[in-house]
Amino acid sequence: MKMHKLIIAAAFLALPFMANSALAGDAAKGKEIVDKQCTTCHTFAEQFAKKGKLGPAFMTSPAGQKAGISPDFKYSAGMKKVITDGLMWTDENLDKLLTKPSDLIKGTAMAFPGIKEADKRADVIAFLKSF
């Protein structure tokens with residue numbers, strides 16, 4: 001009976017690691033999604049940075065960075081608030097942003113409806129971490 005409880009406890013302890021590995025994304029697939037859904041408003045990597053887009057350009061990956069890393073961009077009031085509060089672009093926060101931006105950033109001007117599929121969000125996050 002004790003061995004049974006030990007096995008159940010081990011399974012519960014392993015769940016977070018299994019969930020993280022299940023959400024490991026594919027950067028190439030993420031780039032395809034970004035090219036279709038994000039480049040209307042954003043540019044990614046220095047060679048593609050162009051002025052005049054609706055959203056900030058990302059010369060380097062935002063992953064792992066504090067929010068608001070594009071110095072020349074005029075952020076919305078909602079975004080300025082989370083920048084002041086010290087929001088970091090962790091995998092969890094990127095996932096929340098990609099799910100529904102207005103749930104993470106109240107008052108954001110980002111008119112992106114979000115990505116419903118967790119695997120596609122994981123792919124985009126993998127791409128964001130790749131440059």
Side-chain angles (χ1 to χ4, degrees):
M1 188 62 117
K2 288 181 183 181
M3 181 61 94
H4 184 265
K5 290 180 182 179
L6 183 61
I7 291 171
I8 291 172
F12 277 108
L13 290 172
L15 281 176
F17 300 105
M18 291 167 39
N20 286 340
S21 65
L23 294 179
D26 180 320
K29 288 180 182 177
K31 183 177 183 330
E32 290 176 12
I33 295 166
V34 164
D35 287 346
K36 289 178 185 172
Q37 296 188 27
C38 307
T39 56
T40 300
C41 298
H42 299 280
T43 55
F44 299 86
E46 187 172 356
Q47 66 270 30
F48 301 112
K50 297 176 186 164
K51 301 262 182 199
K53 294 266 185 167
L54 294 173
F58 297 101
M59 307 292 234
T60 61
S61 173
Q65 304 272 348
K66 283 181 71 172
I69 62 172
S70 296
D72 298 330
F73 189 75
K74 294 182 190 312
Y75 291 100
S76 66
M79 189 65 190
K80 286 178 186 176
K81 167 109 174 64
V82 298
I83 291 168
T84 301
D85 291 346
L87 178 72
M88 296 291 294
W89 290 128
T90 61
D91 287 6
E92 181 181 1
N93 283 335
L94 286 168
D95 187 63
K96 287 177 185 177
L97 180 79
L98 292 168
T99 300
K100 188 172 180 187
S102 60
D103 282 354
L104 179 65
I105 304 168
K106 305 299 180 204
T108 184
M110 188 172 172
F112 178 64
I115 300 171
K116 292 180 182 175
E117 302 88 350
D119 59 330
K120 289 183 180 181
R121 292 191 310 270
D123 292 342
V124 171
I125 292 168
F127 168 71
L128 292 175
K129 294 167 95 174
S130 73
F131 68 94

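Only a predicted model underlies this, so the values are computations on that prediction, with no experimental measurement involved.
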Could you tell me whether the side chain of H42 and the main chain of P56 form a donor-acceptor pair under 3.5 Å? yes
Heavy-atom side-chain proximity of C41 to F112 below 4.5 angstrom: no
Given 3.5 Å as the limit, does a donor-acceptor pair link the side chain of K53 with the main chain of T39, or not? yes
How long is the gap from CG on L104 to CE on M79, to the nearest 0.5 Å? 8.5 Å
Walk me through whether E32 and K36 qualify under salt bridge (Lys or Arg N to Asp or Glu O under 4.0 Å). CA-CA 6 Å; E32 290 176 12; K36 289 178 185 172; 5.3 Å; no
Rounded to the nearest 0.5 Å, what's the gap from CG on L94 to CE on M88? Could you check? 10.5 Å
Point-to-point distance, once rounded to the nearest 0.5 Å, from OG of S102 to CG of L97: 10.0 Å
Inter-residue atom distance Q65.CD - L128.CG, 0.5 Å rounding: 11.5 Å
Backbone N or O of D103 within a donor-acceptor pair of the K106 side chain at under 3.5 Å? yes
Could you walk me through whether D91 and K129 pass the salt bridge (Lys or Arg N to Asp or Glu O under 4.0 Å) check? CA-CA 9 Å; D91 287 6; K129 294 167 95 174; 3.0 Å; yes
Measure across G107 and S76 and return the closest heavy-atom pair with its distance rounded to 0.1 Å. O-OG, 3.8 Å
Is there a donor-acceptor pair under 3.5 Å between the side chain of T108 and the backbone N or O of G78? no
Any chance you could measure F131, atom CZ, to T60, atom OG1, to the nearest 0.5 Å? 7.0 Å
Test of understanding: with side chain to side chain donor-acceptor pair (under 3.5 Å), list the residues that count as partners of K120, not counting sequence neighbours. none
Whether D123 side chain and D26 backbone form a donor-acceptor pair below 3.5 Å: yes
How many angstroms lie between atom CD1 of I33 and atom CD1 of I115, to the nearest 0.5 angstrom? 5.5 Å
Between Y75 and K81 (side chain of the first, backbone of the second, donor and acceptor by atom type, cut-off under 3.5 Å), is there such a pair? no
